[in-house]
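Have a look at the structure below, then the notes.
A, B, ... follow the sequence lines: proteins, then strands. Residue 1 opens every chain. Just the heavy atoms: all of them, side chains too, but no hydrogens, waters or symmetry mates, feed the values below. All values reported here derive from a predicted model rather than from experimental measurement.
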There are 2 protein chains.
Amino acid sequence: MVQNPKIVTLHPTLDCNHCRLHAICVAGNMTEEETKRLDEAIVHVNPLAQGEYLFHQGDRFESLYIIRSGSVKSFMTDADGIEQIVGFNFPGDLLGLDAIDEKYHTTSAVALQHSALCKLSWDDFNKLSQQCPHFHAQCLTSFSRELIHIHDMVMAMGQKGVEQKLAIFLLAISQRMKERGFSDKEFILSMSRSDIANFLGVAAETVSREFTQLQKEGVIQVDRRQVKIDCMDSLKSIAG
Amino acid sequence: MVQNPKIVTLHPTLDCNHCRLHAICVAGNMTEEETKRLDEAIVHVNPLAQGEYLFHQGDRFESLYIIRSGSVKSFMTDADGIEQIVGFNFPGDLLGLDAIDEKYHTTSAVALQHSALCKLSWDDFNKLSQQCPHFHAQCLTSFSRELIHIHDMVMAMGQKGVEQKLAIFLLAISQRMKERGFSDKEFILSMSRSDIANFLGVAAETVSREFTQLQKEGVIQVDRRQVKIDCMDSLKSIAG
DNA sequence: CGATTTGTTGACCGACGTCAACTACCGTGG
DNA sequence: CCACGGTAGTTGACGTCGGTCAACAAATCG
C-alpha cells in the first residue's frame, strides 16, 4: 500500500531531537531538557499495517498518540452504525484528544497505510505539560489547530457545493503535504474515494464525477489516487 | 430580548466559589487556593447587549472568555463573506480557544441576548494552568468537550436528513439546558430560525417546515422560539 | 399606527443521491 | 505466467430531497 515511498513515507528516527517532524510536532519548540523528558515518556509502538486500528470508539482512554509516518483516518459511528470520518491525520498530528473529557475514545482511528506511531500516556502527558511550559504551549496550539481544521470542514460541509468541497479538500491535503516538506502540487491520496465522500458528506459517485470534472476543466490531473494540481489558482478560486 | 428570565438568565455572582456554574465551568473541581487565584485573574467585563460582539474574526488574541449568563453564537466568515455558525455557547462555556494557534481569532462571537462574561487574559490563563493542576485539567476537558460537540455536528451535517438534523439540534440544546439546571423539556431558543438553518447547513424555510412537521407528528410544540418537547423518546428515535 | 424583521407556507426546479452496469486494477493461487 | 475473483473507481439514467423564489402572516419596534 505504500504507493510511493518518496512522497509518503517519513523515515522514523529514534529521538525527538533528530526527528524530522520537529517543526510540526508537539515536540517542536522545546528546550533540550524538555525534549529529553519527552523522549523518556514517548513509547514507539509497533507500526500499524493498513486497516489496523490505533484505538476503537469506546476504548478506555489511556494514551495520546503522535503519528510518526503514514496516515490515519478518525471516524465516529452512531447508534445506527453510520460512520462519519471527522479527520485525516498525518505525521506530527496528535491523536486521541477527543477522549480527554469522557475518559473513553469517542472516535476510532485506523491506519490508511503502514504507519509508525509514538505513544504518550495520559499520566506522562499531564506531568509533562505541568513541568514543561513549552510542551504545554505546543499542546494547546495543537488542540487549537484541530479546532480550526474542523471549523473549516464545517464551513465546507454547510455552505459549499460539491465542486467547492472537493477543491477545499484537495487544497487542505496539498497544504499539509507542503508543511511536511513534500510537493504541494503532486501527491498520492492515502484514502479511498468513499472515504473522501464520507468525509465531505456526499456520495462516492459524486466525488468521482467531480474529480473528472476538475480534470476536464484542466485544473488537476487524476489517476486513481495520484493527484497532480496543474493550476493552483483555479483550484483556489473554485474553493472560494 | 430576555424572553423568559426564569429559564434563560443566571444571576451573576461575584466570585467563582459562589458562582452557580461551578459544576460546569472551567472553574469547577478546583481547590480553594486555586479558585482564589482564578478569581484574582478573572475580569468581569461589561455585559453585552444582544447583537454586540465579544470579538471579531481577525482580532488579535488577548483573552479567553467564559460565559456567565446569556448565550453567544460563534461563526466564521470565508473570503466570499459567507458565514457558517460553528457553535452556540451557553453559561460555563469557554470561548476563544480557536485563537490559540494563530494568535488571532479565527471566528467571531456575538451575543444572542444580553450576556455577562468573565475575561481571562492569555497570560493569566497560562500562569494558572502551570500553577493549578486542576485548572489545567479542567481546561483540557473543556477543550475536549468542544471537539466532541463539533464532531457530533459534523456527523449530523454529513450523514443525516433535515428532520434528523433538527432533532439532534433540539436534543443538544435540551441537554445543555439540563446540565445548567433548567428544564430539558421546555425552553426558549435564543437563536433565530436562520441561525439554526445556517448552523445545520440547510435553508431557513426548510427549518421552518421541519419544525411544523415535528409538531404535526406530536413530538414537540413550537411557538416561534418557545419549544416544548412532548415526547423525548420519539425525538431521540428520530435523531437516530 | 405603519415599518421592519422574523417566521410560515406553497410551487417549482435543480443538484445530488441511488441504482445499476461496466471497467481497471490487485492479490492469490494454479 | 496467466486465470480468476474481489475491490475500487467511473459513468449513465432516473428520482427525490431540499433549495429558491414569492406571497403572506405575525410579531416587534420606532
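For the pair B/Leu200 CG and D/dC17 P, the interatomic distance rounds to 19 Å; values are reported in whole Å. Atom CD1 of B/Ile188 and atom P of C/dT6 are 17 Å apart (whole Å). Spacing between atom NZ of B/Lys160 and atom C1' of D/dG18 amounts to 18 Å, rounded to whole angstrom units. A straight line from CD of B/Gln50 to P of C/dT5 spans 13 Å, rounded to a whole angstrom.
Within a 6.0 Å radius of NZ in B/Lys228, more than 12 heavy atoms belonging to other residues, nucleotides or ligands are found.
Residues of residues 202-213 of chain B that place a heavy atom closer than 4.0 Å to DNA chain C, in numerical order, are B/Glu205, B/Ser208, B/Arg209, B/Thr212.
Listed for the B/Thr106 side chain is no donor-acceptor partner under 3.5 Å among the backbone atoms of B/Ala99.
B/Leu189 has its side chain within reach of B/Phe169: a pair of non-hydrogen atoms, C-beta onward, lies under 4.5 Å apart. No side-chain heavy atom of B/Asp152 sits under 4.5 Å from any side-chain heavy atom of B/Ile168.
A close approach under 4.0 Å does occur between a side-chain nitrogen or oxygen of A/Arg225 and OP1 or OP2 of D/dG9. Applying the 4.0 Å criterion to OP1 and OP2 of D/dA27, one finds that B/Arg224 has every side-chain N and O outside that range.
Using a 30° and 60° split on the angle between ring planes, B/His105 and B/Phe61 fall in the perpendicular class, above 60°.
Taking the centre and axis of the six-membered ring of A/Phe211, the NZ or CZ atom of A/Arg193 falls inside the cone set by 45° and 6.0 Å.
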